[in-house]
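Below is one structure, written out as structure tokens; comments come after it.
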Amino acid sequence: MSDNQNLLAEQRRALILDEVRRRGGVRVNELTRRLNVSDMTVRRDLDALARQGMVEKVHGGAVPVSEPSAHEPGFEAKSGLELSAKEDIAKAAAEMAAPGSAIALAGGTTAFALAQQLLEVPDLTVVTNSVRVADVFYTAQRAAASGGTGPRAGAATVVLTGGVRTPSDTLVGPVADAAIRSLHFDVLFLGVHGISVEAGLSTPNLAEAETNRHFVRSARRVVVVADHTKWGTVGLSSFATLDEVDVLVTDAGIPAQTRAEFAELPPELVVAGEQPEDADI
């Protein structure tokens, strides 16, 4: 069987990891049929995921790895996962950023996707503790300047906080906390490591948890952006309860049981790509 050349290795591995997490395990022969690739390609993908600590290989397939609550994957390890879900979430969340508003954008790969969607929202003031997010805006401004026209009118003003850099390329600690405490945001867009009814929002990094607490306290409106794989995950440190969240933006992969649970909770649940039930027809 010839390999499917239309699917990049990163995309295949993201799909495989999603199947492992949703089903609790996969078999090589099932993946070859679904992805239309050879056994050898699937086995190479499983080897790569196992080296990254994302799955555990077993005879004939792979099963999930139970991550320690203090384990924090790096930005690169997460950047190729759930790409379409993150794009849908980013598009939905970007509609909540009003032109001329002051927003905070915390770190993570979903926030990175959101930053790219926010490039066309005029006159934003963006405060972020993410090196990657700041680079999105800086790169766009440099690209416009290289064309001889300078940054486009209404381009975002970006403020990058200081602090100690985490594996996910966010800046945390007392320096970041002090900067955030002195500011007031119209909206905070916050990516998370995990969400659960009992633990709320959590992260494996203690310093990041404290910085996120300050973000939440400084925002008039808190919007959490998280794909369906984050539901039910609990990191080492909780930093906010669900009562402190105004909107949760996720993707259509969210299980029906989770939707039912959150129907009884304060945050508004927005499932990216789905029309509201009361939308005009």
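- Atoms CD1 and CG, on I16 and L46 in that order, are 5.5 Å from each other to the nearest 0.5 Å.
- Under a hydrophobic-cluster definition in which Ile, Leu, Val, Met, Phe, Trp and Tyr are linked whenever side-chain heavy atoms come within less than 4.5 Å, directly or via other members, Y138 and V121 are assigned to the same cluster.
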### Message
Using side-chain contact (heavy atoms from CB on, under 4.5 Å), reason through K86 and T109 one step at a time and then give a plain yes or no.
### Response
CA-CA 8 Å; K86 290 173 184 175; T109 53; 2.8 Å; yes
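- For the pair E261 and L265, the tightest heavy-atom approach, listed with the atom from each and the gap, is O-CG, 3.7 Å.
- Taking the side chain as every heavy atom from C-beta outward, L236 and L206 approach each other to under 4.5 Å.
- Within the 3.5 Å criterion, the main-chain N or O of A199 finds a donor-acceptor partner in the side chain of S238.
- With rounding to the nearest 0.5 angstrom, the CG atom of D45 is 11.5 Å from the CD atom of Q11.
- How far OG of S202 is from CD of E208: 10.5 Å, rounded to the nearest 0.5 Å.
- Looking at K91 and E95, no side-chain N of the basic residue comes within less than 4.0 Å of a carboxylate O on the acidic one, giving no salt bridge.
- V42 places none of its side-chain heavy atoms less than 4.5 Å from the side chain of D39.
- Under the 4.0 Å criterion applied to side-chain N and carboxylate O atoms, R220 and D186 are assigned as salt-bridge partners.
- At distances below 3.5 Å, not a single donor-acceptor pair connects side-chain atoms of T170 with backbone N or O atoms of T166.
- Hydrophobic clustering (ILVMFWY, side-chain heavy atoms < 4.5 Å, transitive): V197 and V245 are in one cluster.
- Between the T32 side chain and the N29 main chain, a donor and an acceptor come within less than 3.5 Å of each other.
- Here the CG-NZ distance, from D251 to K230, works out to 10.5 Å after rounding to the nearest 0.5 Å.
- Nearest heavy atom pair, residue A156 against residue Q141, reads O-NE2, 2.9 Å.
- Across every non-hydrogen atom of A111 and G107, the tightest pair is CB-O, 3.8 Å.
- Counting heavy atoms of neighbouring residues, nucleotides and ligands inside a 6.0 Å radius, atom CZ of R259 exceeds 12 of them.
- With hydrogens and angles disregarded, no donor-acceptor distance shorter than 3.5 Å links the side chain of T128 to the backbone of L160.
- For the residue pair W231 and T250, a side-chain donor N or O sits within less than 3.5 Å of a side-chain acceptor on the partner.
- Not a single donor-acceptor pair under 3.5 Å links the side chain of Q117 to the backbone N or O of L114.
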### Task
Kindly determine whether I103 and L124 satisfy side-chain contact (heavy atoms from CB on, under 4.5 Å), including the steps that lead there.
CA-CA 7 Å; I103 69 169; L124 289 178; 4.2 Å; yes
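- Residues V216 and L190 meet the side-chain proximity criterion, which asks for heavy atoms closer than 4.5 Å.
- Electrostatic pairing of E30 and R27 does not count as a salt bridge here, judged by no charged N lying under 4.0 Å from a carboxylate O.
- Side-chain N or O atoms of Q116 include one that pairs as donor or acceptor with a backbone N or O of F112 at under 3.5 Å.
- Between T211 and G173, the closest heavy-atom pair is OG1-N, 3.2 Å.
- Atom-to-atom distance recorded for T157:OG1 and D123:CG is 8.0 Å, nearest 0.5 angstrom.
- Under a 3.5 Å cut-off, the side chain of N129 and the backbone N or O of L171 do form a donor-acceptor pair.
- For the atom pair CZ of R12 and CG of L35, the computed distance is 7.5 Å after rounding to the nearest 0.5 Å.
- A donor-acceptor pair under 3.5 Å links the side-chain atoms of S218 to the main chain of H214, judged by distance alone.
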### Query
After noting the C-alpha distance and the side-chain angles of L242 and L201, does the key distance pass the side-chain contact (heavy atoms from CB on, under 4.5 Å) rule?
CA-CA 7 Å; L242 294 177; L201 311 181; 4.2 Å; yes
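- Here the closest heavy-atom approach between residue V249 and residue M96 is recorded as CG2-CE, 3.7 Å.
- Hydrophobic clustering places V225 together with V133 (ILVMFWY residues linked when any side-chain heavy atoms are closer than 4.5 Å, directly or through intermediates).
- Ring-plane geometry between F215 and F185 is classed as tilted, the angle between the planes lying from 30 to 60 degrees on a 0 to 90 degree scale.
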### Task
Step by step, work out the side-chain contact (heavy atoms from CB on, under 4.5 Å) result for I180 and L183.
CA-CA 5 Å; I180 294 164; L183 301 172; 5.7 Å; no
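- There is no path of hydrophobic side-chain contacts, each under 4.5 Å, that joins V175 to V164.
- In the model, T229 has a side-chain atom that pairs as donor or acceptor with a side-chain atom of D227 under 3.5 Å.
- The residues R217 and E244 are annotated as not salt-bridged, no charged nitrogen and carboxylate oxygen being separated by less than 4.0 angstrom.
- With R51 as the partner, the side-chain contact (heavy atoms from CB on, under 4.5 Å) test is satisfied by one option alone out of V55, D47, L49: D47.
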